A.B. asks: 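One structure is given below, represented as structure tokens, and several questions about it will come after.
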Amino acid sequence: MGWRKAFLLIALVHLVTTMWIFKAVKDSSKEHRTVDTTPRGDNSRSSGPIKGIVAVFLLPSFWLISLAAFVRYGTFISISGLWAGPYLEHMYHLSLVGRGKMLMLFPIGFLIGSPIIGLISDRVVEDRRTVAAAAMFLYTLCVLPLVGFIPSFSIGMVAVTFFVFGFSGSFAPIMYANIKELLPSSVTGTAMSAVNFFTMMGAGFFQHVMGVIIERLSVQEGQPPPEAFSFAFGLCFIAAASGAIGYLFVKRARS
């Protein structure tokens with residue numbers, strides 16, 4: 001198709017999706033809306049935003065969820081969007097087209113995982129913390145093979161790992177729902193925006209740090225040794241594991 005027609009097709013898909021959302025998504029009825037019982041004084045208009053920020057930052061679970069968001073998106077976008085390609089090139093000597101096909105497994109897994117994990121969270125387990133923690137642990141396990149500890153890791157196994165990596169990494173919306181349920185509705189926007197801030201910070205941090213590690217350990221320009229990827233992906237594994245363990249201590253949302 002060429003990149004121009006491909007981008008036009010993507011734009012068309014976005015347009016159709018936007019129109020579909022505008023037509024299908026409705027405001028919830030009044031009886032199903034969360035009632036905010038947070039007391040407000042006469043100066044609530046001026047002090048409300050500050051109180052909201054303080055309320056969010058004083059919640060220990062906010063920092064644990066933010067840690068998970070930081071490492072989840074930071075490692076996900078750094079591996080799938082940046083370093084998985086060079087990894088396949090130097091470790092498995094795949095062609096450009098071959099690498100492209102392998103990298104497509106990340107978003108395919110993500111697209112399939114998002115509705116499934118959401119369905120499990122809403123109708124099966126009905127506990128955001130449990131679902132998010134389980135997905136975070138599965139996500140962490142997907143990083144481990146890339147570190148290089150598993151000998152004879154075939155390209156087929158890499159393909160499965162990439163798919164499950166994308167599948168398990170699609171639980172991010174559950175974290176936003178989780179923090180929303182832990183705080184009054186008056187600070188929902190503040191809480192979700194704060195979590196999103198750490199999400200974006202993770203992307204900037206991990207892409208840069210992994211690049212520095214791989215560059216420093218490269219024997220010659222353009223030819224990083226296996227150890228360079230092992231150290232870089234090892235950092236992602238340790239970070240993801242810390243986020244998974246931390247999520248176990250997130251407070252359960254009230255019903």
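Note that the structure is a prediction, hence the values are computed from the model and not measured. All heavy atoms count here, side chains included; hydrogens, waters and symmetry mates do not.
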A.B. asks: Can you see which heavy atom on Val187 is nearest to which on Gly52, and at what distance?
C.D. replies: CG1-CA, 3.2 Å
A.B. asks: Measure the CG-CG distance between Leu82 and Leu103 for me, rounded to the nearest 0.5 Å.
C.D. replies: 10.5 Å
A.B. asks: Show which side-chain atoms of residues 56-71 pair as donor or acceptor with protein atoms under 3.5 Å away, not counting sequence neighbours.
C.D. replies:
{"from": "Ser61", "atom 1": "OG", "to": "Lys251", "atom 2": "N", "distance (Å)": "2.8"}
{"from": "Trp63", "atom 1": "NE1", "to": "Phe57", "atom 2": "O", "distance (Å)": "2.7"}
{"from": "Ser66", "atom 1": "OG", "to": "Phe62", "atom 2": "O", "distance (Å)": "2.8"}

A.B. asks: Examine distances only and state if a side-chain atom of Ser170 and a backbone atom of Phe167 form a donor-acceptor pair shorter than 3.5 Å.
C.D. replies: yes
A.B. asks: Where do Ile214 and Pro224 come nearest, in terms of heavy atoms and distance?
C.D. replies: CG2-CB, 3.9 Å
A.B. asks: So, taking the atom named CZ in Phe162 and the one named CG in Leu105, what distance separates them when rounded to the nearest 0.5 Å?
C.D. replies: 8.0 Å
A.B. asks: I want to check something: taking the side chain as every heavy atom from C-beta on, are Asp127 and Val131 in contact at a cut-off of under 4.5 Å?
C.D. replies: no
A.B. asks: Judged by atom type as modelled, is there a donor-acceptor pair below 3.5 Å linking the side chain of Tyr139 to the main-chain atoms of Phe76?
C.D. replies: yes
A.B. asks: More than 12 heavy atoms of other residues, nucleotides or ligands under 6.0 Å from CE of Met1: is that the case?
C.D. replies: yes
A.B. asks: Does Thr75 form a side chain to side chain contact (heavy atoms under 4.5 Å, CB included) with Val143? I'd like the steps, not just the answer.
C.D. replies: CA-CA 9 Å; Thr75 56; Val143 184; 5.6 Å; no
A.B. asks: Are there more than 12 heavy atoms of other residues, nucleotides or ligands under 6.0 Å from atom OH of Tyr92?
C.D. replies: yes
A.B. asks: Is it the case that over 12 heavy atoms from other parts of the model lie below 6.0 angstrom from the CE atom of Met104?
C.D. replies: no
A.B. asks: How far does OG1 of Thr161 sit from CG of Leu144, to the nearest 0.5 angstrom?
C.D. replies: 9.5 Å
A.B. asks: Can you see which heavy atom on Ile174 is nearest to which on Ala132, and at what distance?
C.D. replies: CG2-CB, 4.1 Å
A.B. asks: How far does OG1 of Thr140 sit from CZ of Phe165, to the nearest 0.5 angstrom?
C.D. replies: 9.0 Å
A.B. asks: Between Phe171 and Met175, is a side chain to side chain contact (heavy atoms under 4.5 Å, CB included) present by the stated rule, with each step listed?
C.D. replies: CA-CA 7 Å; Phe171 74 97; Met175 292 190 287; 3.7 Å; yes
A.B. asks: Taking only residues two or more places apart in sequence, or in another chain, which ones meet Tyr87 in a side chain to side chain donor-acceptor pair (under 3.5 Å)?
C.D. replies: none
A.B. asks: Starting at SG of Cys142, measure out to CZ of Phe163 and round the result to the nearest 0.5 Å.
C.D. replies: 10.5 Å
A.B. asks: Dump the intermediate steps for side chain to side chain contact (heavy atoms under 4.5 Å, CB included) on Trp83 and Ile213, then the final yes or no.
C.D. replies: CA-CA 12 Å; Trp83 290 111; Ile213 292 174; over 6 Å; no
A.B. asks: Can you give me the closest heavy-atom contact between Ala191 and Ile179, atom names plus distance?
C.D. replies: CB-CG1, 3.8 Å
A.B. asks: To the nearest 0.5 Å, tell me how far Ser78 OG sits from Phe233 CZ.
C.D. replies: 9.5 Å
A.B. asks: Does the pair Phe110 and Ser114 meet the rule for a side chain to side chain contact (heavy atoms under 4.5 Å, CB included), with working shown?
C.D. replies: CA-CA 6 Å; Phe110 195 99; Ser114 292; 3.5 Å; yes
A.B. asks: Look only at the side chain of Ser121 and the backbone of Arg128, and say whether a donor-acceptor pair between them is shorter than 3.5 Å.
C.D. replies: no
A.B. asks: Could you pull out all residues at least two apart from Arg129 that satisfy side chain to side chain donor-acceptor pair (under 3.5 Å)?
C.D. replies: none
A.B. asks: For Met201, look at atom CE and say whether over 12 heavy atoms of other residues, nucleotides or ligands are found less than 6.0 Å away.
C.D. replies: no
A.B. asks: Of all heavy-atom pairs between Ala84 and Phe106, which one has the smallest distance, and what is that distance?
C.D. replies: CB-CE1, 3.9 Å
A.B. asks: What do you reckon, is CZ of Phe231 surrounded by more than 12 foreign heavy atoms closer than 6.0 Å?
C.D. replies: no
A.B. asks: Please give me the minimum heavy-atom distance between Glu227 and Leu217, naming the atom from each residue.
C.D. replies: O-CD1, 3.9 Å
